[in-house]
Amino acid sequence: MYERNEGIYSGHLACAGCGATMAMRFALKALGDQTILVLPASCWSILAGPFPYSAVKVPLFHTAFETGASTASGVKAALGIRGDTETTVAAWVGDGGTFDIGLQALSGAAERNDDITYFCYDNEAYMNTGIQRSSATPWGTWTTTTPANHPKRQPKKNMVEIMAAHRIPYTATCSVAFPEDMMRKVSKAKAIRGTKFIHIFSPCPTGWKAPSSQAIRIARLAVHTKVFPLYEIADGLFYNINVEPKNVPVEEYLRLQGRFSHLTEEEVQAIQQNIDREWERLVHKALAS
Ligand SMILES: Cc1ncc(C[n+]2csc(CCOP(=O)(O)OP(=O)(O)O)c2C)c(N)n1
Ligand code: SF4
Ligand SMILES: [Mg+2]
């Protein structure tokens, strides 16, 4: 059903193997042409191309870093004044723009339950400005601001739980390694009124010090190691796990990426224990739903 619907052209400016470009392709296949995208500062501000060129078929609204959600709310309201209640307004924001600097705007839109679809493509750092750590960067990771002799010592913020706590109608995690699952979730979000939050695992070969050819393998392993489980939450309360992980040891995921190459065996074990604990908590919520 999605095969023929392409919303992104060849000739974009991303690095080879960039997950953020694949994520956009899958999202636009499901959203269709009657969509307006709001892009705050991020890699996507660049890789869409300079005006008057665009790698994307639908209209783009470039906006300030912290204003992804509030700009999307404004565009939706303006369309409503013109009598257009059907166009999908989607904020397309990085993890820095979501977990950190745009969190207040996002929380405001979610609390009002504004009718927007908010995508966070998560590459786990501020990539566009040179791989600085964000609150989406996992514990133990190398970035340029958390060097190998002083890696990140805080855990990744649980953004999905923060959004679920707003009791918005739909929250989901997606991965570029599972396109059918992703497009089904985006189609579902499109049909729901109110605030929808889609969290996309988006490999960045450049910032993760990994070969471009391994991007999808890494994303698949993130799901099968339970680093990034695929699940959805209705009304902030009802959890549904969509892909059963194959219980691959996290070490297999970590060793493909130079950003983790400094980790000791004990640190890898600590990461494994944390993943197992978080997975138990998720399963518990899904069983209780
Ligand atoms: C208020 C403000 N602070 C800082 C910047 C510089 N800046 C532009 S893009 C960016 C990184 C964005 O990171 P993220 O949201 O994770 O997207 P990514 O680049 O990883 O795709 C930063 C820090 C800015 N444009 N505006
Ligand atoms: S730095 Fe990373 S997220 Fe940015 S365009 Fe390159 S691969 Fe994509
Ligand atoms: Mg980022």
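As a basis for the values below, the full set of heavy atoms in this structure was taken, side chains included, without hydrogen atoms, waters or symmetry mates. Every number for a ligand or one of its atoms is a count from 1 in the order of the listing.
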What is the closest protein heavy atom to [atom], and at what distance does it sit?
{"atom": "atom 6 (Fe) of ligand 2", "result": "Cys15 SG, 2.2 Å"}
{"atom": "atom 22 (C) of ligand 1", "result": "Thr129 CG2, 3.4 Å"}
{"atom": "atom 8 (C) of ligand 1", "result": "Ala41 CB, 3.7 Å"}
{"atom": "atom 8 (Fe) of ligand 2", "result": "Cys18 SG, 2.3 Å"}
{"atom": "atom 15 (O) of ligand 1", "result": "Gly97 N, 2.9 Å"}
{"atom": "atom 2 (Fe) of ligand 2", "result": "Cys204 SG, 2.3 Å"}
{"atom": "atom 3 (S) of ligand 2", "result": "Asn123 ND2, 3.4 Å"}

Interfacing atoms of ligand 1 (cut-off 4.0 Å, heavy-atom, Asn123):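 Within the 4.0 Å cut-off of Asn123, ligand 1 contributes 18 (P), 20 (O), 21 (O).
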
Are [X] and [Y] within salt-bridge range, i.e. N to O under 4.0 Å?
{"X": "Lys285", "Y": "Glu161", "answer": "yes"}
{"X": "Arg259", "Y": "Glu124", "answer": "yes"}
{"X": "Arg220", "Y": "Glu252", "answer": "no"}

Within the supplied structure, the quantity of interest is the number of heavy atoms (other residues, nucleotides, ligands) at a distance under 6.0 Å from Arg82 CZ; does it exceed 12?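 No, because the 6.0 Å sphere around CZ of Arg82 holds 12 heavy atoms or fewer from other groups.
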
Under 4.0 Å from a heavy atom of Leu47: which atoms of ligand 2 are those, numbered in the order shown and with their elements?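 What qualifies from ligand 2 is 5 (S).
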
Stepwise, does the ring-ring contact (aromatic ring centres under 6.0 Å, His included) test hold for His199 with Phe228? CA-CA 10 Å; His199 185 193; Phe228 195 90; 5.0 Å; yes

Taking N or O atoms only and a 3.5 Å limit, does [X] qualify as a polar contact for ligand 1?
{"X": "Tyr126", "answer": "no"}
{"X": "Asn128", "answer": "yes"}
{"X": "Met127", "answer": "yes"}
{"X": "Gly96", "answer": "yes"}
{"X": "Cys43", "answer": "yes"}

How about [X] and [Y]: do any of their side-chain heavy atoms sit closer than 4.5 Å?
{"X": "Leu37", "Y": "Met24", "result": "yes"}
{"X": "Pro151", "Y": "His262", "result": "yes"}
{"X": "Pro249", "Y": "Gln272", "result": "yes"}
{"X": "Leu47", "Y": "Thr21", "result": "yes"}

Any Pro205 heavy atom less than 4.0 Å from ligand 2: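 Contact present.
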
Answer with yes or no after comparing the ring centroid distance for Trp208 and Phe201 against a 6.0 Å cut-off, counting only values under it. yes

Using a distance-only test with no angle check, is there a side-chain donor-acceptor pair under 3.5 angstrom linking Thr141 and Thr137? no

Which of parallel (below 30°), tilted (30 to 60°) and perpendicular (above 60°) describes Tyr231 and Tyr239? parallel

In terms of ring plane angle, is the pair Trp92 and Trp44 parallel, tilted or perpendicular, where the classes change at 30° and 60°? perpendicular

Which is closest to atom 17 (O) of ligand 1 in terms of heavy atoms, Ala14, Ser42, Ala125? Ser42

Looking at non-hydrogen atoms alone, which of Trp44, Trp92, Phe65, Tyr121 comes nearest to atom 2 (C) of ligand 1? Phe65

Short N/O/S contact of Ala136 with the Mg ion (ligand 3) (below 2.8 Å): no

Flag Asn123 as yes if one of its N/O/S atoms falls below 2.8 Å of the Mg ion (ligand 3), otherwise no.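 Asn123 does place an N, O or S atom closer than 2.8 Å to the Mg ion (ligand 3).
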
Which atom, among the N/O/S set of Asp95, is closest to the Mg ion (ligand 3)? OD1

Backbone, side chain, both or neither: what part of Asp95 comes under 4.0 angstrom of ligand 1, heavy atoms only?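 Answer for Asp95: both.
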
When you measure from atom 8 (Fe) of ligand 2 to the N, O or S atoms of Cys43, does any of those distances fall below 2.8 Å?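 So Cys43 does not bind atom 8 (Fe) of ligand 2 by this criterion.
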
